[in-house]
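Starting from 1, each residue takes its place in the sequence as its number.
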Amino acid sequence: MLLAPERVFKADPIAAEILKRCTGEATVAAIVDDLATTFAAPRERVFTDVTALIGSLAAKRLLEL
């Protein structure tokens, strides 16, 4: 879950896996590579999902880039 003023966002399992890796030190490329390897998924698809989630959270000011 992400807590924001007067809001709560419940992450689905995919979003939770992405968010676990948002440490402030890992690059987007490192996050994508780790997820693609961990889940044996196509890197391009993982990249699309990761950048969409990160972009959405940044737009809502829930994540700083």
*Taking salt bridge (charged side-chain N to carboxylate O under 4.0 Å, His left out) as the test, write out the residues that go with Arg43, two or more places apart.*
Asp33
_Residues in side chain to side chain donor-acceptor pair (under 3.5 Å) contact with Thr38, at least two apart in sequence or another chain_ = Asp34
*Between atom CZ of Phe39 and atom CD1 of Ile14, what is the distance when rounded to the nearest 0.5 Å?*
8.5 Å
_Where Phe47 and Val28 come nearest, the two heavy atoms and their spacing_ = CE1-CG1, 4.5 Å
*Got Val50 and Ile54 here, is their nearest side-chain heavy-atom distance under 4.5 Å?*
yes
_Under the side chain to side chain contact (heavy atoms under 4.5 Å, CB included) test, residues paired with Pro13 that sit two or more places apart_ = none
*Any pair with a residue in residues 45-59 that passes salt bridge (charged side-chain N to carboxylate O under 4.0 Å, His left out), sequence neighbours left out, goes on the list, sorted by first then second residue, please.*
Arg45-Asp49
Below 3.5 Å, can you tabulate the donor-acceptor pairs from side chains in residues 55-65 to any protein atom, sequence neighbours excluded?
{"from": "Ser56", "atom 1": "OG", "to": "Lys60", "atom 2": "NZ", "distance (Å)": "3.3"}

*What are the two closest non-hydrogen atoms of Ala11 and Ala16, and how far apart are they?*
CB-N, 3.9 Å
